[in-house]
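Below is one structure, written out as structure tokens; the observations come after it.
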Amino acid sequence: MSVLVRPYQPQDRIGFGHVRSMVYRNGAPVSPDENLIPIDCMGFVAEIDGRIVGAFTGIDMWSTHHHRLVRTMGIASVGVLQEARSQGVGKALMAESMRSLKESNFVLASLYPFRGSFYRKFGYEYCGLRRRITCPAADFPSVEPTLPVRALKPHELDLVRPCYEAFAERYNGMNLRNEQQWVRQMGGETPFSLFTFGDPIEGYVAVRLQSTFWEDQPIREFVWTSSRAYATGLSFVKTLLVNKTSATWDEPGDGLFAARHFERGISVGIENPIMYRVIDVPSSLRGLRCEHGEGEFVLEVADTQLPENAGPWRVRFNSDGTTVEAVEASQTGIRLGIGAYTQAWMGEPGWEGVRFTDDLEVLAPAHLDAARKLMPFRRGLCLDYF
Ligand SMILES: CC(C)(COP(=O)(O)OP(=O)(O)OC[C@H]1O[C@@H](n2cnc3c(N)ncnc32)[C@H](O)[C@@H]1OP(=O)(O)O)[C@@H](O)C(=O)NCCC(=O)NCCS
């Protein structure tokens, strides 16, 4: 039995819609006027004997990475029809779509896995674990708000973009959302309520206000660019909790709540983290700059799905940029698998995080030092859900 994986064509609509319906809509049919592939997305299908049995959607995104942006495909709604499962369709979808992504100039892919171990086989790894905070109302800290709070109208969404972008710039892996992505991430046709802190805006909270009493109040997005915006945001969230049990929201690994407000009874956990995978190793290095001097190293990356990523690559860098060229195997200084490379490149867990795994072989320690200089530890975060 052979599985053919290929990009979506308009004539695939019924088959693609059937997979969506059976895997993600409890069997409810897709309406004929629904746009299944939004303008910033592309579809992939897997077929057996001409019948579509699996599909996913890829979202065209730009991820922050060390003060630049990297073209990223966010992979969503991976699904295989129930009767076609456990026959290798899901694995073929993941493995064989990868070359198309590379040919379409994607440097990185990301996804929220149902299980990390399934996607790890294809080079995906967890990077930059977002912290989920749940704080009981009774333990919620009292913090002095110093900035004015304003409720935005849905059509004023654009006003928070500069604040989000300034926040995003501090982390690797944040999506620099386009128009459609802003609308989708902020609730689509039933938008979240937005409350901003400061004028100009220094922070904001996006929230689906819960009218039911004594339940958790989830906060969809909490973004801040100053300590006073963080304090005002916390004090605002506390006002939502008069008849709630708790509030839940996400923060990056360097978020202030765990560092400054943690108490016993408050939960700081890891829930539904995102995975990343570098698709194109030389392109992932080319746009990097090193503000603190120059250096070089030779890197070899084992990649089953895209063997051309192996190199070895001689990487030379300075404050103007980075050059990457293929060299002889005898010059290799660092050897690692694509998953470990992705974790090192993403900045968190970074080179230190993969240092003592079997996935990294250091043949010349100076090469590892140089790689760490070009790609230092940096917090990872993605606030988009897809
Ligand atoms: C996940 C899904 C896409 C897999 O598709 P599939 O065609 O059945 O998968 P394949 O037959 O290609 O591969 C199955 C592999 O997944 C592994 N697998 C199955 N369930 C797993 C689980 N819960 N955790 C980890 N691995 C799992 C199997 O062990 C097998 O790996 P192996 O061949 O190396 O032993 C399919 O089950 C599905 O549509 N699930 C419902 C929707 C969903 O969860 N999608 C994923 C969204 S991130």
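All ligand and atom numbering here is 1-based and tracks the order in the structure.
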Students should be able to answer this: which protein heavy-atom is nearest to [atom], and at what distance?
atom                    : answer
atom 39 (O) of ligand 1 : V80 N, 2.8 Å
atom 20 (N) of ligand 1 : F114 CE1, 4.3 Å
atom 31 (O) of ligand 1 : K121 NZ, 2.7 Å
atom 37 (O) of ligand 1 : R85 CD, 3.4 Å
atom 16 (O) of ligand 1 : F118 CD1, 3.2 Å
atom 25 (C) of ligand 1 : S117 OG, 3.2 Å
atom 33 (O) of ligand 1 : K91 NZ, 2.5 Å
atom 8 (O) of ligand 1  : S86 N, 2.9 Å

How far does [atom1] of [X] sit from [atom2] of [Y], to the nearest 0.5 angstrom?
X    : Y    : atom1 : atom2 : value
M186 : R184 : CE    : CZ    : 12.0 Å
L306 : I338 : CG    : CD1   : 7.5 Å
M98  : N309 : CE    : CG    : 10.0 Å
L336 : L299 : CG    : CG    : 6.0 Å

inquiry  = Quiz question: by atom type and distance under 3.5 Å, do the side chains of T245 and D216 form a donor-acceptor pair?
reply    = no
task = Give a yes-or-no answer on whether the side chains of S63 and Y276 include a donor-acceptor pair shorter than 3.5 Å.
result = no
Among all the protein's heavy atoms, is there at least one whose distance to [atom] comes out below 4.0 Å?
atom                    : answer
atom 22 (C) of ligand 1 : yes
atom 42 (C) of ligand 1 : yes
atom 46 (C) of ligand 1 : yes

message = Applying side chain to side chain donor-acceptor pair (under 3.5 Å) to N175 and Q181, what does each step give before you reach the verdict?
response = CA-CA 9 Å; N175 178 28; Q181 291 162 2; 3.1 Å; yes
Could an N or O of ligand 1 be found under 3.5 Å from any N or O of [X], whether backbone or side chain?
X   : result
G88 : yes
G90 : yes
V78 : yes

task = Could you check L240 against I219 for side-chain contact (heavy atoms from CB on, under 4.5 Å), going step by step and ending with a plain yes or no?
result = CA-CA 10 Å; L240 304 179; I219 306 296; 4.0 Å; yes
Using a heavy-atom cut-off of under 4.0 Å, does the side chain or the backbone of [X] touch ligand 1, or both, or neither?
X    : answer
Y119 : side chain
Q87  : backbone
Y24  : side chain
R115 : side chain
V89  : both

Side-chain cluster (under 4.5 Å, hydrophobic types only) that F356 belongs to, other residues = none
ask   = Do the side chain of T64 and the main chain of G173 share a donor and acceptor less than 3.5 angstrom apart?
value = yes
ask   = Does any N or O in the side chain of E165 come within less than 3.5 Å of the main-chain N or O of L176, such that one atom is a donor and the other an acceptor?
value = no
query = Parallel under 30°, tilted from 30 to 60°, perpendicular over 60°: which one fits the rings of F140 and W249?
reply = tilted
What are the atoms of ligand 1, with element, lying closer than 4.0 Å to any heavy atom of [X]?
X    : answer
Y112 : 48 (S)
G79  : 39 (O)
V23  : 41 (C), 42 (C)

query = What residue among W224, F195, F222, Y230 forms ring-ring contact (aromatic ring centres under 6.0 Å, His included) with F236?
reply = F195
